[in-house]
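Letters go in sequence order (proteins before strands), and every chain restarts at 1. Note that these values count all heavy atoms, side chains included, but never hydrogens, waters or copies made by symmetry.
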Protein chains: 2
Amino acid sequence: MIIKIGELAKISGCSVQTIRHYDKEQLLSAKIRSDGNFRLYDQADIERLLFIKHCRSLDLSLAEIRQLLSLNDSPMSQCDDVNQMIEQHIEQVERRIADLTQLNKQLKALRLSCNSKRTVEHCGILKQLNEAVSQTN
Amino acid sequence: MIIKIGELAKISGCSVQTIRHYDKEQLLSAKIRSDGNFRLYDQADIERLLFIKHCRSLDLSLAEIRQLLSLNDSPMSQCDDVNQMIEQHIEQVERRIADLTQLNKQLKALRLSCNSKRTVEHCGILKQLNEAVSQTN
DNA sequence: ATTGACTCTATAGTTACTATAGACTTTAAA
DNA sequence: TTTAAAGTCTATAGTAACTATAGAGTCAAT
Ligand SMILES: [Zn+2]
Ligand SMILES: [Zn+2]
Ligand SMILES: [Zn+2]
Ligand SMILES: [Zn+2]
């Protein structure tokens, strides 16, 4: 079964442009083209794209996915590289969660300092933002 | 007290390029220039930049900050706009935290499926990633 | 043969910077 | 006063992972 890019897009849920982008980025290259230069894909390509999509849903970067794909393609390499990447990625995600949680606290405190019916002249939010400035300064 | 961009950078902790960038983006324009066209700043500019920096630390976008600054400059406008912006921002942050928390769970499960001393041929991580694909398909 | 849907490449835009290059200005020492 | 170092200027390109065009060519059905 051989399909063109539009159908691959439908099957995979990726956009046509995204698939072309992965081609340019060497993640999923169409090995064959039609006479008129249309990209042609087979079952293996579908699976590879779904693999990529799943990895993206885990927020892995294209560079990381490229590495996973190449490890996947050479079965005798060791697990360590895969492991290390996933671990670093986990750390990064956890750091980001911690940052955002902190941020969320500050934003909520800020939100509480305003009760909507004033002019901004007396707005607690802007007052707080301005005060933070004069403290730093 | 009038200073040039390099000193403003030192005082504020922003880079020189960042300050130039804020100039281009109309967040902090140097109202006067030296004879040789160097940007010149005063105390009010320092405070404005610190305000911007504080807002950025809350992850507000430059567009949002531009809006805050303009509200700040017209004291008779109402608080509602400020409030709504902050609330939307909070929602967005909370959504992102929820996403990342979910992600973190998946990544940890993935990590547990490998014990490092195998070749990737038998790697649980890659196996799982590949299985996820054939399920979707 | 013609039409409409599809695909092609190349290019620009998104966000908030960062990093150059090449030219000009300022400041301080010689 | 000349000169050299340090600072600054604009303009441009790069970052990540797409998204959205434009303009041209291809394919499938009538
Ligand atoms: Zn990562
Ligand atoms: Zn208010
Ligand atoms: Zn926001
Ligand atoms: Zn493994």
Side-chain angles (χ1 to χ4, degrees), chain A residues 2-41 45 49 51-69 85 88-89 92-93 96 99-100 103, chain B residues 2-41 45 49 51-69 85 88-89 92-93 96 99-100 103:
Chain A
I2 282 184
I3 56 176
K4 285 180 289 184
I5 198 169
E7 188 156 3
L8 180 56
K10 248 182 239 155
I11 291 172
S12 66
C14 298
S15 77
V16 167
Q17 297 103 300
T18 297
I19 297 172
R20 287 203 196 104
H21 182 62
Y22 291 163
D23 192 340
K24 192 182 301 178
E25 295 291 322
Q26 322 249 40
L27 289 171
L28 176 70
S29 54
K31 292 167 288 296
I32 44 173
R33 297 274 184 130
S34 75
D35 287 352
N37 201 32
F38 284 15
R39 290 172 179 85
L40 298 176
Y41 299 97
D45 293 320
L49 180 53
F51 179 92
I52 294 170
K53 201 190 171 196
H54 184 61
C55 291
R56 283 296 297 141
S57 80
L58 296 172
D59 232 22
L60 293 166
S61 69
L62 297 191
E64 287 167 329
I65 296 170
R66 195 180 294 113
Q67 199 185 333
L68 280 180
L69 284 168
M85 174 195 305
Q88 277 180 14
H89 198 71
Q92 188 192 312
V93 168
R96 186 73 183 138
D99 287 352
L100 287 176
L103 193 56
Chain B
I2 283 183
I3 57 175
K4 285 180 289 183
I5 199 168
E7 189 156 1
L8 180 55
K10 249 183 235 152
I11 291 171
S12 66
C14 298
S15 78
V16 167
Q17 296 105 299
T18 296
I19 296 172
R20 288 203 195 105
H21 182 62
Y22 291 163
D23 193 339
K24 191 181 304 181
E25 295 290 321
Q26 322 249 39
L27 290 171
L28 176 70
S29 54
K31 291 165 290 295
I32 44 173
R33 298 274 184 131
S34 75
D35 286 353
N37 200 33
F38 284 15
R39 291 172 179 85
L40 298 176
Y41 300 96
D45 293 322
L49 180 53
F51 179 92
I52 294 169
K53 200 189 173 196
H54 184 61
C55 291
R56 283 296 297 142
S57 80
L58 295 172
D59 233 23
L60 293 166
S61 69
L62 296 192
E64 287 167 330
I65 296 170
R66 196 179 295 115
Q67 198 186 333
L68 280 180
L69 283 168
M85 174 196 304
Q88 277 180 15
H89 197 71
Q92 188 192 311
V93 168
R96 186 72 182 139
D99 286 353
L100 287 176
L103 193 56

field: Side-chain (B:R56) to main-chain (B:L60) donor-acceptor, under 3.5 angstrom
entry: yes

task: Kindly say whether B:C14 contributes a backbone atom to a donor-acceptor pair with the side chain of B:T18 at under 3.5 angstrom?
output: no

In whole Å, what is the span from the [atom1] atom of [X] to the [atom2] atom of [N]?
X	N	atom1	atom2	result
B:I32	D:dC9	CD1	P	13 Å
B:I19	D:dT10	CD1	P	13 Å
B:Y41	D:dT8	OH	P	10 Å
A:L62	D:dA16	CG	P	9 Å

task: Look at the side chain of B:K24 and decide which nucleotide, out of C:dT9, D:dT19, D:dT12, has an atom nearest to it.
output: D:dT12

query: Do A:K4 and A:R39 come within less than 4.5 Å of each other through their side chains, counting heavy atoms only?
result: no

query: Any salt bridge between A:K31 and A:D23, counting N to O under 4.0 Å?
result: no

Does [N] have OP1 or OP2 under 4.0 Å away from a side-chain N or O of [X]?
X	N	answer
B:S15	C:dT18	yes
A:R39	C:dT9	yes
B:R56	C:dC17	yes
B:Y22	C:dA16	no

Pairwise distance NZ(B:K10) to CD1(B:I5) - rounded to 0.5 angstrom: 13.0 Å

message: Heavy-atom nearest nucleotide on DNA chain C for B:S61 versus B:S34: which residue maps closer to 5'?
response: B:S61

- prompt: When the nearest nucleotide of DNA chain C is assigned to B:F38 and to B:T18 on a heavy-atom basis, which residue is associated with the more 5' position?
  reply: B:T18

task: Could you pick out which residue, A:G36 or A:L60, lies toward the 5' side of DNA chain D when each is mapped onto its nearest nucleotide?
output: A:L60

field: First of A:Q17 and B:K4 reached from the 5' end of DNA chain D, by closest nucleotide
entry: B:K4

message: Base, sugar-phosphate or nothing for B:R20? Non-hydrogen atoms, less than 4.0 Å.
response: base

